[in-house]
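Reading through the structure tokens given below for one structure.
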Amino acid sequence: MPETTGISDQTKKVLIGVAAAATVAGVGYMAYKSFSGSDLDKDLEEIKSLGNLKFKEKQYAAAIQEFTRGIEKAGVNPKNKNIVAMLYQNRAACREKVGDSSFDVLNDCLAALKVDKKYAKAYLRAAKALHDIGKKQDALAYLLAAFTLDSNLNKANFDFFGKLLTVEPVRLSTEFFNNLSNLQLSDCFIGKPLKIEEVKPSPVALFRIQQWCDTWDVLDLFKTDLTNFEPDVLSEDQKQYQLALDIFKKGKYEEILDLLTEENGYAPAMILRGKMLSYGINPNEATKYVDKYGAKIDMLIREEENEERKKLMRDSFDVLKIELMYTMGDVDKFLQALPQDDKDRLFKLNSFAAIFVFNGCVLDTATTSHEEQMMADTNNSNRLLEEAVKHGTLTPHLNMIASFLKLCTCEDYGDVHRRIREMEELTEQRSTHFNLVLMAKVYMMTNNTESSEKLLNEAAKIKTRYLVPSRYLQTADLHVHKPEAERLRLTTASADAAISVDPYNFSAHVLHLLGTNGPEPMIKKENYERAMESIRKAALFAPPRELLMLKRMIPLMNAKKRAAEMLDMY
């Protein structure tokens, strides 16, 4: 719709910048015009009014002629820039109606912005034209500039904004899997965190350690050894392993790889080294290690005389193999190849695979978006737990996850209450950190803030290092309904608390980014590099599923920067 004659009182007010997702106070822009009363100004106003009338009468070709006449009459250095900018923008609106090319529409919008660089509607129309010619990233920047200048444009164009944030499906290839730790960063157009090579000892993913240890009730070798390690003869390799277990108990996970050398030939130590490599900066090193020593580990397992310990080692090695997989297809293929008469093994590995998938650590190649991937993870986890039930009885944690998955997918209101009650009973029976935090999450989903806070306070009594970040992150949800300034401050505090324990926690850095940068549609220079470093740190240990979300954040941050630059606000 072309601009109408004159400027309303509302337009003369300061226009507040607005978030891409929510309205927040930003930098305003005062649209104004100063009429000298000259004949030229009067003529341009009359031409614009006539052009607008032709537009309303759907005489678009005639309207184009009028707006063109006004532009030519104004000359190359018009005094009344506001009117001339409107003439260009209104002509662009007419060009859309008559089917002129998107390039013609864009040229008129850019001409309007050259005259008046803070003209919100011209940015909006330019964004749509840029999208039409395939310039998606440019379109996003222009749209954010429009949102910054005029908050009223946000809601009306929210779907368009979402379309610009849509990313291409993840391309899975042999190269991807051979170089996952590098590609998962470069695929998002970012590199590793600054000076990460200088961090000693090298950091590990506490998130991955937690998902493994949350299945403590699905026994494997290390969880048994952490409670009771008593070898018959303590060799040097076993001493190494025993010290590694002691360090694990103390939460100094980063130091384990310095102890478990590649020369260690004790099977449990070799498997634990593989696990810690998989939790490290470059999980591809774990794949290389298993490829190199897998045959030896298999031989050592076969030679173990103690049948219970042999079974524990085999289960632990199988769990490690699952942890090195990146697609749902690989996980299914592995599980289907297991001996179908070994019910205990099928139960344990289907159970662990369900949790592995639940946490977003594999990709379903049939999906093309973060949302589709999350739904696929829910369905696949549920399917794996149903398979596990065929071979054994679900443990308390597995029952908790099963109830939560059903809660997330049930449609009947009465069924929702039944699932919540099931989870409450499980939490009352076994008040582990995992159960308390997950139940707190459910209470927040049903707006029961008081009960959620009570459970989180109970969870705070458990100090195990790998558990603490998830509690801090869940605490951030308590502030969701508070006034925006307070919410952002408290959200940032929760993120900072998690980062103090786990410096490369994916969710904490995303939360910190949202809390410190806020939802504004542009970003100031002093915040841009800090925000990009938060994303780099988030990507270091992000589960594959969450990399899809990061792929949205990178172009968004760059578009925010460009929008601020165009408006002289950077």
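Keep in mind that the numbers below use all heavy atoms, side chains included, and drop hydrogens, waters and symmetry copies. If you're wondering where the values come from, they're calculated on a predicted model, not measured in any experiment.
Under a 3.5 Å cut-off, the side chain of Q373 and the backbone N or O of D364 do form a donor-acceptor pair. Proximity of a side-chain donor or acceptor of S451 to a complementary backbone N or O of N448 within less than 3.5 Å is not detected. Of the possible polar contacts, one joining the T378 side chain to the M374 backbone as a donor-acceptor pair under 3.5 Å is found. No side-chain donor-acceptor contact under 3.5 Å links E323 to the backbone of S278. When atom types are taken as modelled, the side chain of T475 and the backbone of R471 share a donor-acceptor pair closer than 3.5 angstrom. A side-chain donor-acceptor contact under 3.5 Å links N157 to the backbone of L153. Listed for the S534 side chain is a donor-acceptor partner under 3.5 Å among the backbone atoms of R530.
The ring pair (Phe, Tyr, Trp, His ring centres under 6.0 Å) search around F160 returns H131, not counting sequence neighbours. Evaluation of the salt bridge (Lys or Arg N to Asp or Glu O under 4.0 Å) rule for D502 yields no partner, not counting sequence neighbours. The side chain to side chain contact (heavy atoms under 4.5 Å, CB included) check on D108 picks up Y88, R91, A92, R95, with sequence neighbours excluded. A search for salt bridge (Lys or Arg N to Asp or Glu O under 4.0 Å) contacts involving E46 returns nothing, not counting sequence neighbours. Under the salt bridge (Lys or Arg N to Asp or Glu O under 4.0 Å) criterion, R489 pairs with no residue, sequence neighbours left out. By the ring pair (Phe, Tyr, Trp, His ring centres under 6.0 Å) test, Y123 pairs with Y142, sequence neighbours left out. Considering only residues two or more places apart in sequence or on other chains, D332 meets the salt bridge (Lys or Arg N to Asp or Glu O under 4.0 Å) condition with R383. With sequence neighbours left out, the side chain to side chain contact (heavy atoms under 4.5 Å, CB included) criterion links A497 to Y472. Under the ring pair (Phe, Tyr, Trp, His ring centres under 6.0 Å) criterion, Y60 pairs with F55, not counting sequence neighbours. Remark: A495 pairs with L511, H512 by the side chain to side chain contact (heavy atoms under 4.5 Å, CB included) rule, at least two apart or across chains.
At a threshold of 4.0 Å, the pair R536-E533 counts as salt-bridged, since one of the basic side-chain nitrogens sits closer than that to a carboxylate oxygen. Electrostatic pairing of E96 and K128 does not count as a salt bridge here, judged by no charged N lying under 4.0 Å from a carboxylate O. One finds a salt bridge joining R487 and E484 here, because a Lys/Arg side-chain nitrogen approaches an Asp/Glu carboxylate oxygen to under 4.0 Å. Look at D415 and R419 and you find a salt bridge, because one of the NZ, NE, NH1 or NH2 atoms lies within 4.0 Å of a carboxylate O, short of that distance.
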Q) Going through the checks in order, is the side-chain hydrogen bond (donor to acceptor under 3.5 Å, both in side chains) test met by N154 and S151? A) CA-CA 6 Å; N154 188 8; S151 62; over 6 Å; no
**Q.** Pair F541-Y279, side chain to side chain contact (heavy atoms under 4.5 Å, CB included): steps then yes or no
**A.** CA-CA 8 Å; F541 294 128; Y279 302 153; over 6 Å; no
Q | Working for side chain to side chain contact (heavy atoms under 4.5 Å, CB included), residues Q65 and K54 | A | CA-CA 10 Å; Q65 289 181 348; K54 297 293 184 184; over 6 Å; no
Q. Please walk me through it: do K73 and L40 pass side chain to side chain contact (heavy atoms under 4.5 Å, CB included)?
A. CA-CA 8 Å; K73 192 175 186 69; L40 177 60; 3.9 Å; yes
Q: Starting from the C-alpha separation in whole Å, work towards a yes-or-no answer on side chain to side chain contact (heavy atoms under 4.5 Å, CB included) for H509 and I535.
A: CA-CA 7 Å; H509 279 289; I535 294 174; over 6 Å; no
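L144 and P521 get closest at one heavy-atom pair: CB-O, 3.2 Å. Taking each heavy atom of V442 and I420 in turn, the nearest pair found is CG1-CG1, 3.9 Å. Nearest heavy-atom pair, A354 versus S381, reported as atom, atom and distance to 0.1 Å: O-OG, 3.2 Å. Across all non-hydrogen atoms, the minimal contact from T491 to A476 is OG1-O, 4.4 Å. Contact detail for L455 and A440: the closest heavy-atom pair is CD1-N, 3.8 Å. Listed here is the closest heavy atom pair of F356 and Q211: CD1-NE2, 3.0 Å.
Distance check: K561 NZ to Y528 OH gives 4.5 Å after rounding to the nearest 0.5 Å. Considering CG of N80 and CE of M86, their distance stands at 9.0 Å, rounded to 0.5 Å. Distance CG/L87 to CZ/R69: 10.5 Å, rounded to 0.5 Å. The distance from the CD1 atom of I83 to the CD1 atom of I71 is 12.5 Å, given to the nearest 0.5 Å. In this structure, the separation between CG on N527 and CE on M557 is 8.0 Å, given to the nearest 0.5 Å. Atom NZ of K195 is separated from atom CD of E198 by 6.0 Å, given to the nearest 0.5 angstrom.
For residues 438-447, the set of pairs meeting the side-chain hydrogen bond (donor to acceptor under 3.5 Å, both in side chains) definition, not counting sequence neighbours, comprises E424-Y443, N447-H481.
Within a 6.0 Å sphere centred on NZ of K81, heavy atoms belonging to other residues, nucleotides or ligands number more than 12. Around the NZ atom of K482, the shell of radius 6.0 Å holds more than 12 heavy atoms that belong to other residues, nucleotides or ligands. A 6.0 Å sphere centred on CD of E197 holds more than 12 heavy atoms belonging to other residues, nucleotides or ligands.
Counting heavy atoms from C-beta on, the side chains of M553 and L513 come closer than 4.5 Å. A 4.5 Å side-chain heavy-atom check between S452 and L478 finds at least one atom pair inside the cut-off. For the pair L556 and L165, the minimum side-chain heavy-atom distance is below 4.5 Å. Between L206 and N505, the closest side-chain pair of non-hydrogen atoms is not below 4.5 Å. Counting heavy atoms from C-beta outward, N359 and F207 have side chains that approach closer than 4.5 Å. Residues L106 and I133 form a side-chain contact, since some pair of their non-hydrogen atoms from C-beta on lies under 4.5 Å apart. Contact check for C361 versus R208: side-chain heavy atoms found under the 4.5 Å cut-off. Side-chain contact check for L540 versus P193: some heavy-atom pair is nearer than 4.5 Å.
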Give every donor-acceptor pair under 3.5 Å between a side-chain atom in residues 562-570 and any protein atom, sequence neighbours left out.
residue : atom : partner : partner atom : Å
R562    : NH1  : D138    : OD1          : 2.3
D568    : OD1  : K117    : NZ           : 3.3
D568    : OD2  : K117    : NZ           : 2.8

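Ring pair Y413/H417 is perpendicular by interplanar angle, where above 60° counts as perpendicular and below 30° as parallel.
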